[in-house]
Every structure is written in C-alpha cells, then in structure tokens.
Amino acid sequence: MFSCSFSRRKWIPSCNSTPFPSSRNLIWQMGSLDERSVRGREDKSHLHGMDNVTQKSDFICVADEGSFSGVSRVSSVKMLSNGVCRSIKTVVFSNKLNLLMPFGPVAILVHILTSNQGLVFFFSLLGITPLAERLGYATEQLAFYTGATVGGLLNATFGNATELIISIHALRGGMIRVVQQSLLGSILSNMLLVLGCAFFCGGFVFIKKEQVFNKSTAVVNSGLLLMAVMGLLFPAVLHYTHSEVHFGKSELALSRFSSCIMLIAYGAYLYYQLKTQVHQYVPLNEEGSPSPSGESQNADDNDEEPEISKWEAIIWLAVMTAWISFLSEYLVDAIDGASKAWHIPIAFISVILLPIVGNAAEHASAIMFAMKDKLDISLGVAIGSSTQIAMFGIPFCVVFGWIIGCPMDLNFHLFETAVLFITVIVVAFLLQEGTSNYFKGLMLILCYLIVAASFFVHVDPTKDDASLEN
Amino acid sequence: MGPIDERTELDSDEEIPFSTSPAVRKSHAFDCEAVHLGTRRGALNSWIRKQMGFRTLRSIYIVLLTAKINVLLPFGPAAILLHYLTGKHGLVFFFSLLGITPLAERLGYATEQLAFYTGPTVGGLLNATFGNATEMIISIYALQNGMIRVVQQSLLGSILSNMLLVLGCAFFTGGIVHHEKVQLFSKAAALVNSGLLLMAVMGLMFPAVLHFTHTEVHFGKSELALSRFSSCIMLVAYASYLFFQLKSQPNLYGQIGEEGANEEDSENEEAPEITQWEAIGWLAILTSWVSILSGYLVDAIQGASDSLHIPVAFISVILLPIVGNAAEHASAIMFAVKDKLDITLGVAIGSSTQISMFVIPFCVVVGWLMGKPMDLNFQLFETATLFVAVLVVAFMLQEGTSNYFKGLMLILCYLIVAASFFVHVDPANDDD
C-alpha cells in the first residue's frame, strides 16, 4: 500500500542513511519534558544534523543525571505514559482520515445489536479505511529505522496488507469468488481509477503544460505487470478451452504450480529492485523532474525524520494489523447480507467496493503527488501496487488456500479475465508515451465507470463451474 | 485543424486551378456597379436576379463540375430510376453506392468551405460532426428499418477499413513513390491518437464481453442497459475530447498543422471558394441528397444480398464503408504520395476515433430514442477482429516509419478480414 514510500526511498537513498540514528533512539528513549519541546520544534521545522548533535550532548547530560535508580524508575513510568500519549497523538490524532476511526467499533456494535448486514458492511468499510492508511504510515516510519533493504521488503509486504487480510478471512470463509474478484478489482482500480484520478487532477492543476513522467520506468513496470497478468491468465484460458486432462482438477494443480512460480518471480523482482535501486533510480529522478522545484526535492518535507520510535512503530504495526484483522472478519461476514439488502450483485461489492478500502490511501497519495508534478511517484504507486497484487497477492492467496485446503485457483472467470487482460494492455500502451494530461485521466476514469457498470449487471454463471465455486 | 488543411489542399489538387481572385474581383465589380446604378427598383431587381443567377451557376460550376469524382453523380438518379422501373435490387444497390460517393466527397468540401468563415473552433466542430455524416445518415436509415446488425457491422467495417485499408493504401503508394527512403511520421501524435482509439474501443467492448461470457443479471436486457450507459459515457468522453483538442491544439496539434500549412501556403491561398451562405446551402442540399439516396441504398441491401449471393455481413462490413470512406481514402493516399504522412495518419486514425467515440454511441442513443434495441454487442467475431486489428495497428505505428511493405501487409490483412466476412453468417440461435 505505501509503496510510494518505497519508491521515494528509491530516489533519495541518502534519506535511508539518516544522520545519527542511534542518537535519535537515545533521544526518544529518554522521554523527558525537554524532549517534548524538541519534538515540538521538529514538528515545525526541519531538524538538521547539527541540531541533533547539540541535543544529543544535552540529553547525554540529562541521562547521566537521571541514572539513580529510584528517581529513574518513577520518571521512567512517567516517561512511558508520556511516550504512549504522545505516540497516540502522533499516530491517531494527526491525520484527518482518522475521523473515520469510530466507525470500526460502531460496526461491531451494529453487528451485535441488529442484523442489518448492509449497515455493518458499510460501517466496517469506513472503519478499515483509516486503519489501512495508518498501517502504511507505521510501515513507512519503521522503514526509517531498518534501512533500505528491509524497509523496501517491509513496504512490499505490508503495502497491500489490508487486501491480503481481507482475502485471508474470505478464504477461511470459503468465499473464493470474493477473493478472486476483490484482488482483480484492486488491480483494475489501481490501473484505471487511481491512475486516472492522478492524471486528471495533475493535468487540471498544471493545465498550461503537459506533465511528463519517466517513460522507461513506466515501460519497465507495465512490462512486468503484463508478464504477471500473462502468468495469471493461462490457467483460466486452459479451463475455458475445455482442454484439461482432468477437468477441474488439472486446472487447480496448474494454478498452484503457477502461483509458486509467481512467488519466486516476485522474490526475484524484489531482489532486483533492491539491488539496482541505487544505480537505477537516483539519476532518473534527477533528470526526470521537470519542475523548478526539483532542487528542493532533497530538502523536501517528505524525507523528514521519523516521528515515532522504532518500537513504537513495530507496536503500532501489530496493533493496526490486529484491528484490521478484527474488522475484516465482520466485513467479510457481512458481504452476503449486504448484497441481498442493497440488491446489488456480490461481484460489484467484491470488484468495486472492497478495493476502495485497500486502495484509499494509495489513491490519496497518488493524487497528491500528481498535483505536485511528481508523476513518477504516482505511477510507482499505482502500477507498483498492481504489480504487487498480481505477482504476490494473488499467488499468495492461492498458496494459502492450498495450505488450508481451500480450492482457490487462478481461474478468474471469463469475463473478469477478459476485462483484466484488455485493461492491462490498454493502460500499458497508454503509458508508453510518457506524457499525461487531464483528458487522458478523464478517459481512464470513464473507462473505470464502464467497467464498474459492467460488474453492476454481472452475475456468475451457475451452470458451468459449480465444482469450482463454493 | 489538420482535417481542414488537408481538405483544402485536397481540393486544390483535384480541381482545375480556378483562381479565386478574378472571380472575387468580378463579383466586387458587379456589386459596385449595382450600387451605382441608382435606385430604380425594377432595374435593380432584374440586375440582382441576373447576378444571383450568375452566382448560382458559378456555384454549381465550382461545387459540382470541378471535381473529377463527380462524373459518378449521374449514378444517383439512375439508381432511383432503376428502383422504380425494375426490381433489380443488385443494380439499385450498386448504382446508389456509386451515386453517394461523390456526394459524400462534396459534403466534405462544403463543410471545409464553411469552416473558413466560422473560425477554427466552430470549424473544428463542424469537421468533427460532418466528417462522418454519410455513415451517420446511412446508419440512421438502417436503424429506422430495424436493421441493427447492418448498422453495427457497417460502423465496425468503417473502423476496420480506415485502419487497415486506408492506412495500408496510403503507406503502400507513399512507399512506392518514395521508395528510395523510409517515410517518417510523428511518433508522438500517432501514439496519442492510437491510445485514444484503444481506449474508445475498450469502452465499446465491455458490453460485448459481458454478453458473451453469459454473465449478465438479466440476460439480454442488462447488456442493453449497459450499452446505453456506456454510450452516454462515450459521448461525454467525445465532447471532452473535442474540448481538449480545441483548447490545447496550439500546443499539441498546432505543430503538425502548422507544418502542413506552411508548406502548402505557397501552393494555394487558403481562401474560400464559395461564400458562406452558398456553403450552408450546399451543405443542406448535399445532406438531403445523401439522405434520399441512402434510403434507396438501405432498402436494397437485403435484395442485393439475395441476388448477388453474398452475405449481408459482407455488404455491411466491406461494401458500405467504401462509400463513407471514399473521400478520406483518396486524400490519405494523396498526402502519403506527397510525403505528408502525419496528415494521412490524422485522417485515418482520427476518423476511426471519431466513429468509435461518437458515431457508434450516437447510433445507440438514437436507437434508444427510436425504441430500437441497438446495443454495443457486436458479435464475438466482429469484436475480436476489431480488438486485434486496433491493437496490432497501434503497435505498428509506434515505430514512426513507413514503407510499402507495411502498407502491403495492412492491405493483405484487410483482404483476409474481408474474406472472413464473405463466409460469415450471424449465429441465428443466439441473438434476437
């Protein structure tokens, strides 16, 4: 989900080697009043290396003074609670999206008190959205501490954590079609809606000129995505040409085999990205940023120092994941009821509504970067997320289904497969040009509307694949 | 403003170099004389009548008699005569085909002349709307007769013909004429245009894919509703496309248009050859003529299919678009021979984009208004052919060069497509 931070780190490798990380740990762990003022100062301006050094020496003096056990124990408890409050303030209260957080508990209440599945579904959707965004934030904060390699891995894994968690719950409930459709909808939404909104907003803001992005990166990414989609398509094509050796079973075995291969490919992709990021992406970004604010990128307020400590980040990561997992269960349980209550097909809920949750944060960040004329990052977010789902999310779910004995396979049905294939080809072709304007964004959004409308009147064929559906 | 420029240059090459200046001078001279003759009403009226008569004759001369293609004009009335005298639908069809072709070309000429007077914005809109007027008129007639498959196939055939046949002929003839070098065209413009065409075709395909995977909620009805919704969206997209083109054309497309205009300015003065009201008048006359003949054309399709023993699909996909595209065909070839491949591409791809983004959704909406179940569900074969053709041509254009071999390949592909439609019959058990 926050692959944007990953790509950010790709082009500012200097950010990874944050100045004096160990001293920062020391500072945060002290947790005194002085630190709060330091933190306040940090909130207002960039904290440069020099300031760090002076404060480090100040705090070492304080540390020396507070080393008496009794005094330190009382003050450490106070420090801990201060730390917790501050941490909560940073993580929970500083983002406007977190206004939606109360909807989570409300959804649980509604589930227990009434049986209005439609409301439960809607509220849990709203409740998961801020949690997903905060999860990305925590991942990004943790990545400050772990350095480039592990940070990239973290981003790659937790980037689509929300979709994976929802899919795991759905698999355990045996709702294979929901999993397939929600992952497919996530790819479609990233490629059409997120990209379209980013192009449109960016083009609107920069209406005088054409925005450019780095063609080679876009071509490489869309080539990878095409290959991933190709790998996903063959089991479906095999099934639909009715040319399997053992009808139904061969296709499942082929899906599982393909998924293992895709996971290997994903591992290689991560390795390749992390090894070559230093060489490949730094010079590209320097020449690929046409705006006059290119020089200020290095002094950008994006590559600022982390806002919470390492352990806080890990703890928040765990807390968020647990919360999302908890809410996803209610969400998945309510899908069927919501579909009946609102009279809309399950396909529409899975393909269009569920991915909105997982992609909300990426959506917002892609639009924001496009409006700042940083289309490369927007593209990285959108296409990178699609590639991650296609190469990691979907095969992972197949393997997980294999482990728990659920017949999840790569046979998205004919309509979904055709839609995915057509969309990926068209968008890959569009990106080859290297320019963007609001009209292209509008066309992408309109195409997404047509896709959404198709799924609104789409129902799964009941006669054909009864054995493969739940 | 590519289309306007190329049509101007088209006429300057096709017509006798009838220089406008003496005519303009003459009419001015006559105007002065008319004013100075005094206020005697009778003499003035007769003089004005004589002048109008003169003007009408001149107008007829310019519009009707100066283009070589107009030798086909008599076939129009001949077709009507045949329709009433004999029952030979094959001949009626054939003659009305021949009769409409010059009218379509003159319609384009009149549109272009009018565009001189209305300025670039409205001129662009005019070109965009009337550019495919012939196809639209034929389609509306066919819709009224309930021949929905004919409409779908003729519009699809028009896209295929533009992308394969027109482009192929242009590349081929241009490559033969300039065979010692490789012709170049602007990659960026080609990419933009083919990207738009791909998106438009994608938007058109989803209803068909939905129907053919048998995954609709209400079989048959959902797909029609989806088609209508998609058509409205495509019309909105077309309107924003026009808006975007007209707003940004100084930045994006002006380069190409300006290049063409600068090179051609020395050869022909971009001065209109007929007056504004004459242009409007001719526009109306030609449109009504095309309408009348289309009526006979559409009525004769079934009979021609029976008597000539060829499937209706072949007539719709291959023969009908020849009429609508004849003028574009000629101009594309001419520009390729002059080594102006950018304009050729603009004509071919632009026309395909216009049909897929405007004419097809427009026909769906017109069918909606008429109560006919016209939808975007071209059958599986047509949809697959369209997608493959658009994809392949879009990829091929990425290279930015052309030679006679590429043109030959495109023409041969079109021959294969035509042969497929020659042995194609609609599945009778599936559709209404």
Verify the neighbour count for atom CZ of Phe381(B): are there more than 12 heavy atoms of other residues, nucleotides or ligands below 6.0 Å? yes
If you look at every heavy atom in Ser454(A) and Leu210(B), which pair is closest and at what distance? O-CD1, 3.8 Å
With rounding to the nearest 0.5 angstrom, report the CZ to CZ distance, Phe229(B) to Phe456(A). 10.0 Å
Could you tell me whether Phe429(A) and Phe395(B) have their ring centroids closer than 6.0 angstrom? yes
Checking heavy atoms, do the side chain of Thr423(A), its backbone, both or neither come under 4.5 Å from chain B? both
What distance separates Met202(B) CE from Met443(A) CE, expressed to the nearest 0.5 Å? 7.5 Å
Using non-hydrogen atoms only, which part of Leu442(A) is less than 4.5 Å away from chain B: side chain, backbone, both, or neither? side chain
From Ile450(A) CD1 over to Leu204(B) CG, what is the distance, rounded to the nearest 0.5 angstrom? 7.5 Å
Rounding to 0.5 Å, atoms CG (Leu235(B)) and CG (Leu446(A)) come to a distance of 11.0 Å
Bottom line for Leu192(A): the part with an atom under 4.5 Å from chain B's heavy atoms is side chain
As an exercise, state the distance from CG of Leu430(A) to CG of Leu196(B), rounded to the nearest 0.5 Å. 8.0 Å
Identify which of Thr435(A), Val451(A), Ile422(A) forms the greatest number of heavy-atom pairs closer than 4.5 Å to chain B. Ile422(A)
To the nearest 0.5 angstrom, please state how far the CD1 atom of Ile425(A) sits from the CZ atom of Phe387(B). 5.0 Å
Given Phe244(B), which of Phe204(A), Phe200(A), Phe439(A) fulfils the ring-ring contact (aromatic ring centres under 6.0 Å, His included) condition? Phe439(A)
Side chain, backbone, both or neither: which part of Leu444(A) has a non-hydrogen atom closer than 4.5 Å to chain B? both
Honestly, the part of Leu226(B) sitting under 4.5 Å from a heavy atom of chain A is side chain
